[in-house]
Amino acid sequence: MCGRFALSAKTRQIEKLVPSIKRGPDFEPRYNIAPSQKVLSVLNDDNSELQYIRWGLIPFWSKTESIGNKLINARIETIRERQSFRNLVKSRRCIIFADGFYEWTKNSSKTKTPYFIRLKSQETFAFAGLWDSWKNPENQTLRTGTIITTEANELIKGIHNRMPVILPNDLIPQWLSNELFYEELIAELKEPFKADAMEMFEVSSLVNNPRNDSPLNVKEILKTSFFE
DNA sequence: CCAGACGTTGTT
DNA sequence: GTCTGG
DNA sequence: CCAGACGTTGTT
DNA sequence: GTCTGG
């Protein structure tokens, strides 16, 4: 699963992943992005626009906002079957930027230990996602999205059985293209991102609280040596 | 036909 | 136990 | 994902 | 809005 992640990159690094996007503003680093918060994305609708959507999919037909609490992830194995997702695969794909994510493992003691996972290169990457547009009772439009998951790779398997679908950079244009052979691409994306390009660290349980998103907590959250 | 769901993870 | 909010 | 709430009447 | 279950 993917229920929490980080994005501390500058706009410039994100522009490298999607050359067609217009220069966006720089933004504050975020180390503890939780469902219901805004996530930085590019939608297949407009590959030139960097925009925020809310994490937690609210399908256009939903009468209530609360369904978004549930639809934070979509299993790639069943994405073509699920009522809430299958139509979106054809028409409403997106990418969501991150440079690391968290997974939890349960200990014998009922406590949960968080781990931070990122690329060895420390580069920003793109999750594969789906989005939709919903109108609230006041007729205001809200764009929301969900992150696609797959089985865990060899690195992550030790702590957890699922992980987010990370798009290899060369597949980003395909995922955002409107002439998509999604059958083939989806089959390809079931294969989890390669483990030897990633690294994983146990981190402080400070990250358990989604309100701890201060850059000042980074050294506490990432307690190993790599943030000197 | 209508009513109710529409999801994932992990645990029992 | 289950839902809501972040 | 985790943390925290989960409620009403009536006013300190 | 559309499918599933009864």
Side-chain angles (χ1 to χ4, degrees), chain A residues 1-7 28-40 52-92 96 98-118 127-137 141-142 144-153 156-166 189-190 192 200-215 217 220-222:
Chain A
M1 192 172 195
C2 178
R4 217 73 80 72
F5 65 94
L7 179 64
E28 290 302 306
R30 295 163 67 201
Y31 299 97
N32 205 354
I33 300 171
S36 81
Q37 295 179 355
K38 63 183 182 179
V39 295
L40 195 69
Y52 283 113
I53 62 176
R54 187 204 281 189
W55 184 9
L57 189 93
I58 306 175
F60 76 97
W61 43 258
S62 182
K63 291 186 176 66
T64 59
E65 219 172 315
S66 59
I67 193 170
N69 297 331
K70 299 178 181 175
L71 308 185
I72 65 169
N73 290 133
R75 293 174 65 91
I76 198 161
E77 295 91 338
T78 51
I79 209 170
R80 304 290 317 288
E81 300 157 19
R82 294 282 179 266
Q83 288 193 62
S84 297
F85 303 136
R86 58 184 172 199
N87 293 323
L88 304 179
V89 176
K90 300 174 199 156
S91 57
R92 299 200 153 178
I96 293 167
D99 36 41
F101 60 94
Y102 302 93
E103 297 290 355
W104 280 258
T105 189
K106 283 195 172 162
N107 305 322
S108 49
S109 59
K110 291 180 190 167
T111 59
K112 294 174 179 185
T113 305
Y115 289 80
F116 182 71
I117 299 135
R118 67 176 178 185
F127 292 137
L130 301 173
W131 65 281
D132 207 348
S133 188
W134 181 74
K135 283 191 174 175
N136 72 9
T141 297
L142 178 64
T144 62
T146 190
I147 294 172
I148 299 173
T149 64
T150 191
E151 63 178 316
N153 65 19
I156 296 168
K157 244 173 204 163
I159 60 159
H160 199 78
N161 63 341
R162 304 290 297 173
M163 67 178 281
V165 170
I166 296 167
L189 293 180
K190 281 177 187 166
M200 182 166 78
F201 307 90
E202 184 179 336
V203 296
S204 162
S205 61
L206 270 177
V207 79
N208 285 358
N209 190 332
R211 292 157 193 82
N212 270 340
D213 198 14
S214 164
N217 288 332
E220 293 302 318
I221 290 173
L222 306 173

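Just so we're on the same page: letters track the sequence lines, and every chain starts at 1.
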Quiz item: How long is the line joining CD1 of A:I159 and C1' of D:dC1, in whole Å?
Solution: 12 Å

Practice problem: Please state how far atom CG in A:N212 lies from atom P in D:dA3, giving the value in whole angstrom units. | Solution: 10 Å

Exercise. Using whole Å, report how far CD1 of A:I67 lies from C1' of C:dG5.
Key: 17 Å

Quiz item: Could you give the CE-to-P distance, from A:M163 to B:dT9, as a whole number of Å?
Solution: 13 Å

Quiz item: From E:dG1, D:dC2, B:dT8, pick the nucleotide closest to the side chain of A:W61?
Solution: E:dG1

Practice problem: Just call it for A:T149: base, sugar-phosphate, or nothing, with non-hydrogen atoms closer than 4.0 Å on any strand. | Solution: sugar-phosphate

Quiz item: Are A:F85 and B:dC6 stacked, counting the six-membered base ring, centres under 5.5 Å, planes under 30°?
Solution: no

Exercise. Measure from the side chain of A:N69, starting at C-beta and using heavy atoms only, and say which of C:dT4, D:dC2, B:dT8 lies closest.
Key: C:dT4

Quiz item: Among D:dC2, E:dT2, C:dG6, which nucleotide sits nearest the side chain of A:Q83?
Solution: E:dT2

Quiz item: In whole angstrom, what separates A:L57's CG from E:dG1's P?
Solution: 17 Å

Practice problem: Tell me what A:I72 touches on the nucleic acid: a base, only sugar-phosphate, or nothing, going by heavy atoms under 4.0 Å. | Solution: base

Quiz item: Within the structure, does a side-chain N or O atom of A:R162 lie under 4.0 Å from either OP1 or OP2 of B:dT9?
Solution: yes

Self-check item: Rounded distance (Å) that lies between atom C1' of E:dT2 and atom CG of A:D132
Solution: 14 Å

Quiz item: Looking across every strand, which nucleic acid part, if any, lies under 4.0 Å from A:S36 by heavy atom: base, sugar-phosphate, or nothing?
Solution: base

Quiz item: What is the distance, rounded to the nearest whole Å, between atom CD of A:E81 and atom C1' of B:dT8?
Solution: 14 Å

Quiz item: If you look at every strand shown and take non-hydrogen atoms under 4.0 Å, does A:R54 touch a base, only sugar-phosphate, or nothing?
Solution: nothing

Exercise. Looking only at side-chain atoms of A:R86, point me to the closest of B:dT8, E:dG1, E:dC3.
Key: E:dC3

Practice problem: Output yes when at least one side-chain N/O atom of A:R82 is less than 4.0 Å from OP1 or OP2 of B:dT8, else no. | Solution: yes

Self-check item: Proximal nucleotide (of C:dG6, C:dT4, B:dG7) relative to the A:K70 side chain
Solution: B:dG7

Quiz prompt | Identified pairing partner of B:dC6, criterion: Watson-Crick or G-U wobble below 3.5 Å | solution = E:dG1

Quiz item: Between C:dG5 atom C1' and A:D213 atom CG, what is the distance in whole Å?
Solution: 15 Å

Quiz item: How close do A:G3 and A:W55 get, heavy atom to heavy atom, and via which atoms?
Solution: C-CH2, 3.4 Å

Quiz item: Side chains of A:W104 and A:V207: closer than 4.5 Å at any heavy-atom pair?
Solution: yes

Practice problem: Classify the nucleic acid contact of A:S62 as base, sugar-phosphate or nothing, counting any heavy atom under 4.0 Å across all strands shown. | Solution: nothing

